[in-house]
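One structure below.
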Amino acid sequence: MTKQTDNKNLLSFKKHNLIAILDGLDLFLNFSIITHLCIFFFSEIDGRLSIIISSSLILISFFSRLFSLYFHKIFFSVFKKNEINFFLSISVIYLFPLIPLDNYLVLFLILFSVSRFFIGIFISQANLCYLFSDKFKENEIFFVKYFIFFILGMFLGSVFYLFIDDIFSNDDLNQWAWKIIYLILFILTFTIGFFLNYKKQIILIKYNISDNRVINSSYGIFYLIAKNLFILIPIFLFIIFSSSEWFPKFSNPENMQFLNFNLINIVLVILTTLFIYPLILLIGKRKAASFLSISILFFSLIACFFEYDSSYSINFLKFFLSIVSSFSICLYYLDSKLINEFNPYQKIKVFNSFFLVISFLIPLSFYYFINFSISYNVVYLIIFFIYLFSYLMEIYGRKKI
């Protein structure tokens, strides 16, 4: 494939990119209303503890993705169909929190958790079916495009949330108006599903998906997770950005400025990704992967030895995290390109494994940010060790080949 074609594929929009947009939209809107969920569901529990519980509930949609493959057969045996419309089906799931069960909070909480669980299942199934489809090509830049449109979904979510926050008071949002986001998600997904159905461009989740390109990969799942561990950094940054409207107020006062990730930080991620990608095509994939990894290792190690006691140093750290996030997205793309074997099940399992890890990491991080102050030197050190571990695993993999 030519460099011009690769660039064109990066910027082109396909109907499957709507799933990544929905994923980012769902993430931002749900993490924006966590404080309102705390008051609605856990008013008798300490506010800081309820934040951790509520974030864990939202992250059920991340946790469930890894297990979507095991639910595949059960799912279709229940529906007794060989395929279902993704957007129309997930729109029904978004109706669950709108069911009037306010007087039965335990039942409502269970229903809410079930909806989060199946949202993750549906998104994972749709991504897997796309990798099996004829429209997907082995050399397509699926994952880097997924993150780009994921970020666009978060931008859309920020617009919706500002609109809701301006219309309704905090008291309304605490009592009932937080459900408006699920009404928006229902209307949006139902409208998209209806429109795609009208245009005969339906996004389907199919049963008995098979493909002659599937092979027994020589790369183990745990090895691929280890060598791509850095992808946790941008996912983590996205969640902190989605929580930036409320989380700094509940965290340790010394952490407030660091946790206040502005829109400019996320814009920097997407712009740097779009800038780095064409350079990768010029440099070459193997050289680019080594250059990006070594650059981050060098700068993060040097940064560990400086003192950070000013707002400028904190802003520089957020800038550095944005750059590292964009590098991580590009490196994740490079790894999928350097491994020539095509195995959709493996690719989705590895991708979903990082969402599983983040579903445990975020509540623990929230607990730490609430109760302890951040050492910025340690942040640089963590980045250094994540990249060092991934780079050593990459070198180990080269020697095995």
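Predicted model only: the values in this text are computed from it and were never measured. Sequence positions, counted from 1, serve as the residue numbers for this chain.
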Check your understanding: Any chance CZ of Phe108 has more than 12 other-residue heavy atoms, nucleotides or ligands included, within less than 6.0 Å?
Key -> yes
**Study point:** Member of Leu107, Ile60, Ile58 meeting the side chain to side chain contact (heavy atoms under 4.5 Å, CB included) criterion with Phe112
**Key:** Ile58
Review point. Can you find a side-chain donor-acceptor pair between His36 and Asn170 that sits under 3.5 Å?
Key: no
Revision key, fill the gap. Closest non-hydrogen atoms of Lys318 and Gln257, given as atom of the first, atom of the second and distance, are NZ-O, 3.1 Å
Check your understanding: Out of Ser300, Ser295, Ser328, which residue meets the side chain to side chain donor-acceptor pair (under 3.5 Å) rule with Tyr387?
Key -> Ser328
Review point. Can you check whether Asn265's main-chain N or O pairs, donor with acceptor, with Asn262's side chain at less than 3.5 Å?
Key: no
**Study point:** Test item: side-chain donor near acceptor, Asp26 and Tyr182, under 3.5 Å
**Key:** no
**Study point:** Worked check of ring-ring contact (aromatic ring centres under 6.0 Å, His included) between Phe238 and Phe150
**Key:** CA-CA 9 Å; Phe238 297 156; Phe150 188 95; 5.7 Å; yes
Exercise for review: Give a yes-or-no answer on whether the side chains of Tyr146 and Asn17 include a donor-acceptor pair shorter than 3.5 Å.
Suggested key: no
Review point. Are the aromatic rings of Phe355 and Phe62 close, with centres under 6.0 Å apart?
Key: yes
Review point. Side chains of Ser124 and Asn352: is there a donor and an acceptor less than 3.5 Å apart?
Key: yes
Exercise for review: List for me each residue that meets side chain to side chain contact (heavy atoms under 4.5 Å, CB included) alongside Leu152, sequence neighbours excluded, and say none if there are none.
Suggested key: Phe149, Phe155, Ile270
